[in-house]
Each structure stands twice: as structure tokens, then as C-alpha cells.
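This report refers to the structure that appears directly beneath it.
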Amino acid sequence: QVQYAESGGGLVHPGGSLRLSCTASGFRFAGDIMSWYRQAPGKERELIATTMDRDGTTRYIDAVRGRFAGSRDDARSTLYLQMNSLKPEDTAVYYCKRTFYDNDPWGQGTQVTVSS
């Protein structure tokens with residue numbers, strides 16, 4: 001079955017960096033568009049970055065563009081998110097998932113906390 005395992009989160013000071021990883025299984029990773037999502041306390045989960053399958057280019061929401069960089073390693077079925085210049089408002093649980101598969105189960109996510 002489809003599964004996602006996110007990792008790499010932690011506590012970081014404002015301006016710091018983290019690199020998230022998401023290892024997927026149960027489907028052909030190389031053939032799917034993948035996305036990162038996040039859910040901040042008291043807010044709905046939102047899509048923040050989408051990485052294409054053919055060329056690996058990534059599109060971002062305005063709030064993270066220029067600070068975050070998405071990439072993928074199809075041989076390892078792993079999606080990455082390099083997060084730089086982190087802000088307190090980036091505090092959230094981060095998830096990954098295939099972009100157009102609403103019924104896929106969510107992984108456990110990885111907590112990112114940006115605080116001084």
C-alpha cells in the first residue's frame with residue numbers, strides 16, 4: 001500500500017535551515033508529481049511546493065518562494081525540501097504526498113519549529 005515517511009524536522013532559530021526528506025513506497029515514484037504540504041497549529045493543511053515528475057522543477061507558494069527548494073531522487077523514491085531563512089510562521093507539521101491522489105493516506109509528518 002501507499003506510504004509516506006517524512007523526516008528531517010526539528011527546532012531551529014529564525015534564519016536557520018533544515019532539509020526535509022520524504023520516502024515514498026507502494027507506487028511508481030518516478031511517474032508522479034509530488035507535493036509538500038504543511039499544517040500550522042490551528043490552521044488547515046496547505047500545499048506549499050509541487051515538484052514535477054519529468055524535469056524535477058518545483059513550483060512554490062508565494063510565502064516560501066526564494067527560501068525553499070524542492071528536489072527529488074527517483075532512484076531512492078525520495079522527495080526533499082531544503083528550507084532556508086526560516087521564519088516563525090514556517091512552524092508547522094510538514095507532509096508529502098502525490099499531488100493528485102486525494103485518497104492517499106497521510107504520513108506522520110515531521111515537525112518544524114522555528115523559534116528563538
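Using a distance-only test at 3.5 Å, with no hydrogens or angles considered, no donor-acceptor pair links the side chain of R45 to the main chain of Y95. Distance alone, capped at 3.5 Å, places no donor-acceptor pair between the H13 side chain and the V114 backbone. Listed for the T99 side chain is a donor-acceptor partner under 3.5 Å among the backbone atoms of I33. With hydrogens and angles ignored, the 3.5 Å screen pairs no side-chain donor or acceptor of E46 with any backbone N or O of Y37.
Here D90 pairs with R38, R67 under the salt bridge (Lys or Arg N to Asp or Glu O under 4.0 Å) rule; sequence neighbours left out. For R76, the salt bridge (Lys or Arg N to Asp or Glu O under 4.0 Å) partners at least two apart in sequence or on another chain are D73. Under the rule for a ring-ring contact (aromatic ring centres under 6.0 Å, His included), Y60 has no partner lying at least two apart in sequence or in another chain. Scored by the salt bridge (Lys or Arg N to Asp or Glu O under 4.0 Å) test, D62 finds R65 as partners (sequence neighbours excluded). Checked against salt bridge (Lys or Arg N to Asp or Glu O under 4.0 Å), R59 has no partners two or more places apart in sequence or in another chain. The side chain to side chain contact (heavy atoms under 4.5 Å, CB included) search around N103 returns none, not counting sequence neighbours.
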Begin from the C-alpha positions of Y94 and I48 and carry the test side chain to side chain contact (heavy atoms under 4.5 Å, CB included) through to its verdict.
CA-CA 10 Å; Y94 286 71; I48 61 169; 3.6 Å; yes
Side-chain donor-acceptor pairs under 3.5 Å in residues 20-28, sequence neighbours left out?
from, atom 1, to, atom 2, distance (Å)
T23, OG1, T78, OG1, 3.3

For a quick test of your reading: what N or O donor-acceptor pairs under 3.5 Å do the side chains of residues 79-89 make, sequence neighbours left out?
from, atom 1, to, atom 2, distance (Å)
Q82, NE2, N84, OD1, 2.9
N84, OD1, S17, OG, 3.0

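S71 contributes atom OG, which lies 12.0 Å from atom CE of M34 (distance to the nearest 0.5 angstrom). The CZ atom of R72 lies 8.5 Å from the OG1 atom of T58; values are rounded to the nearest 0.5 Å. Taking CG of D32 as the reference point, atom CZ of R98 lies at 5.0 Å (rounded to 0.5 Å). Expressed to the nearest 0.5 Å, how far CH2 of W106 lies from OH of Y4 amounts to 8.5 Å. Note that CD of E6 and NZ of K97 are 11.0 Å apart. Values are rounded to the nearest 0.5 Å.
When all heavy atoms are compared, the tightest approach of L47 to S35 is CD1-OG, 3.8 Å. In plain terms, the two heavy atoms of G9 and V112 that are nearest each other are CA-CG2, 4.1 Å.
Side-chain contact of T113 with T91: a donor-acceptor pair under 3.5 Å is absent, judged by distance alone. For the residue pair S7/T110, the side-chain donor-acceptor check at 3.5 Å is not satisfied.
The stretch residues 34-70 participates, sequence neighbours left out, in no disulfide (SG to SG under 2.5 Å) pair at all. Sequence neighbours left out, not one pair with a member in residues 36-95 passes disulfide (SG to SG under 2.5 Å). The disulfide (SG to SG under 2.5 Å) contacts involving residues 63-93 comprise nothing, where partners must be two or more places apart or lie in separate chains.
By the 4.5 Å side-chain criterion applied to Ile, Leu, Val, Met, Phe, Trp and Tyr, L11 is assigned to no cluster and stands alone.
Side-chain contact between V64 and W36 is absent, with no heavy atoms from C-beta onward closer than 4.5 Å.
By the criterion of side-chain heavy atoms lying less than 4.5 angstrom apart, applied directly or through intervening Ile, Leu, Val, Met, Phe, Trp or Tyr residues, F68 is not grouped with M52; the two fall into different hydrophobic clusters.
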